[in-house]
Amino acid sequence: MDAEFNWWLLIVGVVAGAALTWLVLADSARRDHELASDEVPAEAGWIANTLATQGRTVDREVVEQVLWAHRRYLGLPPPDVLVPVEELDPDAAGADAAQSSPTSTSSVPGPSDASGTSETPNLVPSSTADRPSTGPTQ
């Protein structure tokens, strides 16, 4: 009977150890896809207030636009090549913005600009426009 008890203790110990290891190593941080669309303005306000306490004044609307742009960026496929910022041509970026369509094909919802145009170039390549949406579901 003592041998069966030892096996039972071994099994309970392994399960308890695995559970403790999972709790220690688990990452409970929230991800962008877990945030609801109505949380973005609140997050933008929090970021603007946090930066204001550090002496940096940033408009909440600007922060919100950056957050929406970040969500659109996360919806893109991974880049084939990363180009260092120093090598980017600012004139080429302006030409790309002029050639891009005024509507975005991003699957991430965002605030629409009243004029129907965007200050930033279309970040979604045309090759991804026919893929199914991978954005957040609500």
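Closest approach of His70 and Asp32 over heavy atoms only: NE2-OD2, 3.0 Å. Considering every non-hydrogen atom in both Ala48 and Val58, the closest pair reads CB-O, 3.6 Å.
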With a cut-off of 3.5 Å and sequence neighbours excluded, list every side-chain donor-acceptor pair involving residues 11-27.
| from | atom 1 | to | atom 2 | distance (Å) |
| --- | --- | --- | --- | --- |
| Thr21 | OG1 | Gly17 | O | 2.8 |
| Asp27 | OD1 | Ala29 | N | 3.2 |
| Asp27 | OD2 | Arg31 | NH1 | 3.4 |
| Asp27 | OD2 | Arg31 | NH2 | 2.9 |

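At least one side-chain heavy atom of Val83 sits under 4.5 Å from a side-chain heavy atom of Leu88. Side-chain contact between Pro41 and Glu61 is absent, with no heavy atoms from C-beta onward closer than 4.5 Å.
Between the side chain of Glu39 and the main chain of Ala36, a donor-acceptor pair closer than 3.5 Å is present.
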Practice item. Let me see the working for Ile47 and Leu51 under side chain to side chain contact (heavy atoms under 4.5 Å, CB included), right down to the final yes or no. Key: CA-CA 6 Å; Ile47 291 171; Leu51 291 175; 4.0 Å; yes
Practice item. Show your working on side chain to side chain contact (heavy atoms under 4.5 Å, CB included) between Arg71 and Trp68 and close with a plain yes or no. Key: CA-CA 5 Å; Arg71 281 190 168 192; Trp68 284 117; 3.8 Å; yes
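Annotation: salt bridge (charged side-chain N to carboxylate O under 4.0 Å, His left out) contacts of Glu43 (sequence neighbours excluded): none.
Hydrophobic clustering, with ILVMFWY side chains joined whenever heavy atoms are under 4.5 angstrom apart, keeps Val66 apart from Leu74.
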